[in-house]
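Worksheet for the structure shown next.
Letters go in sequence order (proteins before strands), and every chain restarts at 1. The figures here come from the full heavy-atom set of this structure, side chains too, leaving out hydrogens, waters and symmetry mates.
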There are 2 protein chains.
Amino acid sequence: MTSVLVVDDEPQIVRALRINLSARGYDVMTAYDGRSALGVAVEGKPDVVVLDLGLPDIDGVEVIAGLRGWSSIPIIVLSARTDSRAKVEALDAGADDYVTKPFGMDELLARLRAAVRRGLAREVGDPVVETSSFVVDLAVKKVRRDGHEVHLTPTEWGLVEILARNPGRLVSQKQLLQEVWGPMHVNESQYLRVYFAQLRRKLEDDPAHPRHLITEPGMGYRFEV
Amino acid sequence: MTSVLVVDDEPQIVRALRINLSARGYDVMTAYDGRSALGVAVEGKPDVVVLDLGLPDIDGVEVIAGLRGWSSIPIIVLSARTDSRAKVEALDAGADDYVTKPFGMDELLARLRAAVRRGLAREVGDPVVETSSFVVDLAVKKVRRDGHEVHLTPTEWGLVEILARNPGRLVSQKQLLQEVWGPMHVNESQYLRVYFAQLRRKLEDDPAHPRHLITEPGMGYRFEV
DNA sequence: CCCCGGCCTCAAGAACGCGTAAAAGCCGGA
DNA sequence: TCCGGCTTTTACGCGTTCTTGAGGCCGGGG
């Protein structure tokens, strides 16, 4: 579960955030001043921090610096100050986003999702599309089949890449021909038949009855995961 | 140098951003519609994208999706729409930040710095890449082989460095040529054959059957660890 | 029933890309 | 100026990949 640390000295704001965040499945921690916020952050290791700048004890920028000293947790700053100077200071101190009060809850939640997504993106590896019989790794441009690498020619890879980027969606013949062979060959649908036959021989368990590289007659092809 | 792709159909905004960003040492690319933006992004690999949502051809959300299909480049959305629905849509599509027009240049620049900072944090890795037959030290720009240093010419090092920074990944011929020889020589693939032969003679145990500097015919080269 | 459009399969020549070697050109330092 | 190192260019053999044509299969419509 994603955990959020909410830091604000106004109890009604903390309450509103706690209700909204909890309802959406977040694990909510709270703090009412900067010093305890730093303590809670160290203890609880939240996935993201929502930080009000107007705290009673320490300046908000100090809190950001304190967090950034040991962590790269995403920080979303909440503040009543709308002047650009305050925003620039907070962002340059290490904040990830700056939302002015009063704020729309929808927007704050969307920015929070964006921040969390980025935080997670750092941890995950390559974009990989997986089927029951083979694995397409789009970043390193490799295809593996039961642990063993399958060699694809440039044209073959071009087709697989387009399909793998649109899993489950129907891709038209014209689009495939255009992107792999260029605009001059959008009618050479025979190319597709030849190459899909090759791909099925290389990738499908039973090339005569493909389960992942599907022909939609008269329309195009579909990559079924 | 940090490179920024600015996408907007209003020339005066593009001009204003270009002037401000260039003055602060950014390398600025521009596009005036969604389709060319995607093309420029693929070609130029910018470090961050500033994207206007009101483009003439494609919907801005489509552009975001198109970028997110293959990349996690930070995207800062610019838009005249202030309603939270638009913000939520853009952020959930994969944008990193949302700034409403008219915007303060100071604030935009600060948000841009924040986005770039996050992007860079993701890239720092081990400055030493090790294979079974040699070791590449990216920090001091040296290659060692059984304890003994191997001398590389500047061009050879350029190739090794790019490959070592993308271990396991397939790097296209175009990218190698562009980064080592410059944009005017992206078709001189013979250079690559000559230099990879040299590198294999210097680094591989059996230059005729390379295990680490792998050619992917028609596509590019791969550094296998 | 037969025809026809779209699909699959196979095969062979052409075209392409790669590795290698070696020569030629281009510096900067002795 | 000459020399040595580095880069660019040229040439050729070889294996792989692409293209193209021919034939067979299947299902729907006339």
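- Within 4.0 Å of H151(B), counting heavy atoms only, lie sugar-phosphate atoms of the nucleic acid but no base atom.
- Between E107(A) and K87(B), at least one side-chain N (NZ, or NE/NH1/NH2) sits under 4.0 Å from a carboxylate O, which counts as a salt bridge.
- Ranked by how close their nearest DNA chain D nucleotide is to the 5' end, L152(B) and E188(B) are led by L152(B).
- Closest approach to the R193(B) side chain among dT17(D), dG19(C), dT9(C) is made by dG19(C) (side chain taken as heavy atoms from C-beta onward).
- Computed from coordinates, the L192(B) CG to dG17(C) P distance equals 13 Å when rounded to whole Å.
- The two atoms that bring A90(A) and V77(A) nearest to each other are CB-CG2, 4.4 Å, heavy atoms only.
- Atom C1' of nucleotide dC6(D) and atom CG of L199(B) are separated by 13 Å, given to the nearest angstrom.
- The side chain of W181(A) approaches dT19(D) more closely than any other nucleotide in the set dA21(C), dT7(D), dT19(D).
- Relative to the side chain of Q190(A), the nucleotides dT20(C), dT9(C), dT9(D) differ in distance, and dT9(C) lies closest.
- dC8(C) atom P lies 11 Å from atom CD1 of I214(A), rounded to whole Å.
- Contact of Q198(B) with dT7(D) (side chain to base): no donor-acceptor pair of N or O atoms is detected under 3.5 Å.
- In this structure, L177(B) atom CG and dC18(C) atom P are separated by 11 Å, rounded to whole Å.
- If you check dC18(C), dT9(C), dT9(D) against the side chain of S189(B), the one that comes closest is dC18(C).
- Sorted by first and then second residue, the ring pair (Phe, Tyr, Trp, His ring centres under 6.0 Å) pairs involving residues 137-175 of chain A (not counting sequence neighbours) form an empty list.
- Straight-line distance from the CG atom of N187(B) to the C1' atom of dC18(C): 17 Å, rounded to whole Å.
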Report task. Kindly indicate, with the supporting measurements, whether the criterion side-chain contact (heavy atoms from CB on, under 4.5 Å) is fulfilled by V143(A) and E149(A). Result -> CA-CA 6 Å; V143(A) 177; E149(A) 181 179 344; over 6 Å; no

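- When the ring-ring contact (aromatic ring centres under 6.0 Å, His included) test is applied to F196(A), the partners found at least two apart in sequence or on another chain are Y221(A).
- Looking at heavy-atom distances under 4.0 Å, E156(B) makes no contact with the nucleic acid at all.
- Contact annotation: T153(A) side-chain N/O to dT17(D) OP1/OP2 distance is not under 4.0 Å.
- Contact between V225(B) and H212(B) at its shortest, heavy atoms only, is C-CD2, 4.4 Å.
- H209(B) has its NE2 atom 12 Å from the P atom of dG19(C), to the nearest Å.
- The distance between atom CZ of F196(A) and atom C1' of dT19(D), rounded to the nearest whole Å, is 17 Å.
- To the nearest angstrom, C1' of dC18(D) lies 18 Å from CE of M184(A).
- For the contact set between residues 215-225 of chain A and DNA chain C, defined by any heavy atom under 4.0 Å, the members are T215(A), P217(A), G218(A), Y221(A).
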Report task. Take L17(B) and V28(B) through the side-chain contact (heavy atoms from CB on, under 4.5 Å) test and state the conclusion after the steps. Result -> CA-CA 9 Å; L17(B) 282 171; V28(B) 181; over 6 Å; no

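- At the phosphate of dC18(D), OP1 or OP2 sits under 4.0 Å from a side-chain N or O atom of Y195(A).
- Side chain of R201(B), nearest nucleotide from dT8(D), dA21(C), dT7(D): dA21(C).
- Ion pairing of K142(A) with D137(A) is absent here, as no side-chain N (NZ or NE/NH1/NH2) approaches a carboxylate O to less than 4.0 Å.
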